[in-house]
Protein chains: 2
Amino acid sequence: MASRTTQILEAAARVIARRGVRGLRVEELAAEAGVSTGLIYYHFKDRTGVLRHTLEFINDRAERYTTARDPDAEPLGPREELEQILLLELQDTQEVRENSSAWGELRASAVFDPVLREDLARATLVWVQEVAALLGQVQPMAPASALASAAERLTALLEGLSMRWLSGGIQVDHARALMQGAVEAELAGLKPR
Amino acid sequence: MASRTTQILEAAARVIARRGVRGLRVEELAAEAGVSTGLIYYHFKDRTGVLRHTLEFINDRAERYTTARDPDAEPLGPREELEQILLLELQDTQEVRENSSAWGELRASAVFDPVLREDLARATLVWVQEVAALLGQVQPMAPASALASAAERLTALLEGLSMRWLSGGIQVDHARALMQGAVEAELAGLKPR
DNA sequence: GTCTATATCAGGATAGAC
DNA sequence: GTCTATCCTGATATAGAC
């Protein structure tokens with residue numbers, strides 16, 4: 001059974017997806033989670049604490065859905081795994097939508113809130129390194145610096161495309177196609193000549 | 001001499017760059033502009049009125065600095081102009097910082113505010129088409145659809161990199177280097193083989 | 001047009017009962 | 001651990017003098 005804190009964090013992800021970080025009211029969160037405001041503060045100290053834990057929570061959740069695999073299925077090659085990780089963030093499902101909008105909100109909020117910056121930078125670094133490692137498996141001859149740059153570009157592009165998708169600028173299928181094109185272009189650029 | 005309202009709007013742009021749209025306090029704006037809060041309400045009716053006029057103000061100003069060219073300078077080639085347009089948005093100057101923060105705030109707000117979406121989508125489209133046209137001048141043999149895709153990726157990447165820069169994730173020089181690398185990769189991908 | 005003073009209120013946060 | 005009730009800060013907005 002989901003613990004109380006998990007229940008609150010799931011609700012927080014929903015509220016953030018609906019109202020944004022800016023629009024998250026502790027009272028509305030309490031109502032969404034079906035608990036009292038006092039309990040929120042008991043578990044998370046303050047509003048910022050909720051935000052920080054929610055960031056952690058959505059990261060773990062994203063980890064789950066981008067990494068989860070049917071144990072009976074063929075193991076994926078690095079190229080497939082790379083695309084999996086990047087393209088699964090561009091899906092029109094409840095969970096991904098929540099994750100993406102929360103992530104975008106946190107990123108935007110971090111511009112003006114130094115408290116969020118550190119956590120965000122750390123999470124971003126882990127993500128970039130993961131992508132860089134996969135790129136390295138696909139193109140083992142590529143220098144580490146080139147892998148790092150490609151990974152930074154791909155992840156930054158994904159954030160940019162997500163925002164366009166969520167703000168209604170482009171369809172999710174189109175975003176996926178663009179992302180896929182970028183992966184191909186970056187891999188081509190890493191190929192030894 | 002700058003009118004009183006202009007003086008307030010300039011101050012508002014500075015405050016938004018510092019605190020964000022959500023962080024803008026009428027009292028702080030008044031202090032920044034060197035006027036009283038009452039005067040803000042006299043000229044702009046309410047806080048939202050300030051926001052609306054400020055976004056308009058910032059747009060006009062951005063138009064100026066992205067379009068301005070020294071009339072005595074050598075005319076730029078399409079490749080240089082392309083890089084110029086994209087890299088101009090990654091400069092650590094007061095005006096660009098203000099503009100980029102405001103744009104990021106606008107994009108993020110549009111996710112939760114349908115009213116903003118239309119204007120944002122229109123502005124984005126113009127920008128994408130401008131970049132696509134320049135790409136087409138550099139690689140005249142490339143099909144229009146490939147140009148459009150590359151332009152969408154480059155502009156989305158720029159937005160992603162801007163956010164990372166503004167949220168303290170990367171240095172502006174690094175962002176510029178990454179952007180430049182992406183331009184090269186995309187142009188290579190458009191080259192006839 | 002501009003300022004000072006103040007009404008009003010939303011929302012974050014805490015205290016204390018259970 | 002959880003809830004109810006409430007406090008209190010900070011921020012918007014208005015009234016009225018000059």
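In the text below, chain A, chain B and the rest are named by the order of the sequence lines, each starting its count at 1. Predicted model, so just to flag it, every value in this text is computed and none were measured.
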### Query
Is a side-chain donor-acceptor pair under 3.5 Å present for R61(A) with N99(A)?
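Yes.
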### Query
Do R18(B) and E28(B) meet the salt-bridge criterion of a basic N to acidic O distance under 4.0 Å?
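The answer is yes: the pair qualifies as a salt bridge.
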### Under-4.0 Å salt bridge between R164(A) and E152(B)
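E152(B) and R164(A): not salt-bridged.
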### Message
With nearest nucleotide decided by heavy atoms, which residue, H43(A) or T37(A), maps closer to the 5′ end of DNA chain D?
### Response
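The answer here is H43(A).
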Kindly list each side-chain donor-acceptor pair under 3.5 angstrom involving residues 181-189 of chain A, sequence neighbours excluded, with atom names and distances?
unit_1	atom_1	unit_2	atom_2	d
E186(A)	OE1	R153(A)	NH2	3.1
E186(A)	OE2	R153(A)	NE	2.6

### Message
What is the distance, to the nearest angstrom, from the NZ atom on K45(A) to the P atom on dA13(C)?
### Response
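Interatomic distance, NZ of K45(A) to P of dA13(C): 9 Å.
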### Sequence neighbours excluded - ring pair (Phe, Tyr, Trp, His ring centres under 6.0 Å) pairs with any residue from residues 22-49 of chain B
F44(B)-H53(B)
### Query
Checking salt bridge (charged side-chain N to carboxylate O under 4.0 Å, His left out) for the pair R25(A)/E32(A): CA distance, chi angles, key distance, verdict?
CA-CA 10 Å; R25(A) 305 280 168 256; E32(A) 176 78 25; over 6 Å; no
Donor-acceptor contacts under 3.5 Å from residues 122-130 of chain A side chains, at least two apart:
unit_1	atom_1	unit_2	atom_2	d
R122(A)	NH2	D119(A)	OD1	3.2
T124(A)	OG1	R107(A)	NH2	3.0
T124(A)	OG1	L120(A)	O	2.7

#### Entry: Qualifying side-chain hydrogen bond (donor to acceptor under 3.5 Å, both in side chains) pairs with a residue from residues 78-94 of chain A, counting only residues at least two apart or across chains
Y65(A)-E89(A), R79(A)-E83(A), E83(A)-Q180(A), D92(A)-R97(A), Q94(A)-E98(A)
### Message
Can you give me the first and the last nucleotide of DNA chain D (5' to 3') that has an atom within less than 4.0 angstrom of a non-hydrogen atom in chain B?
### Response
dA11(D) to dT14(D)
### Query
Heavy atom of residues 14-33 of chain A under 4.0 Å from DNA chain C: which residues?
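When residues 14-33 of chain A is checked for heavy atoms under 4.0 Å from DNA chain C, the hits, listed by number, are L24(A), R25(A), V26(A).
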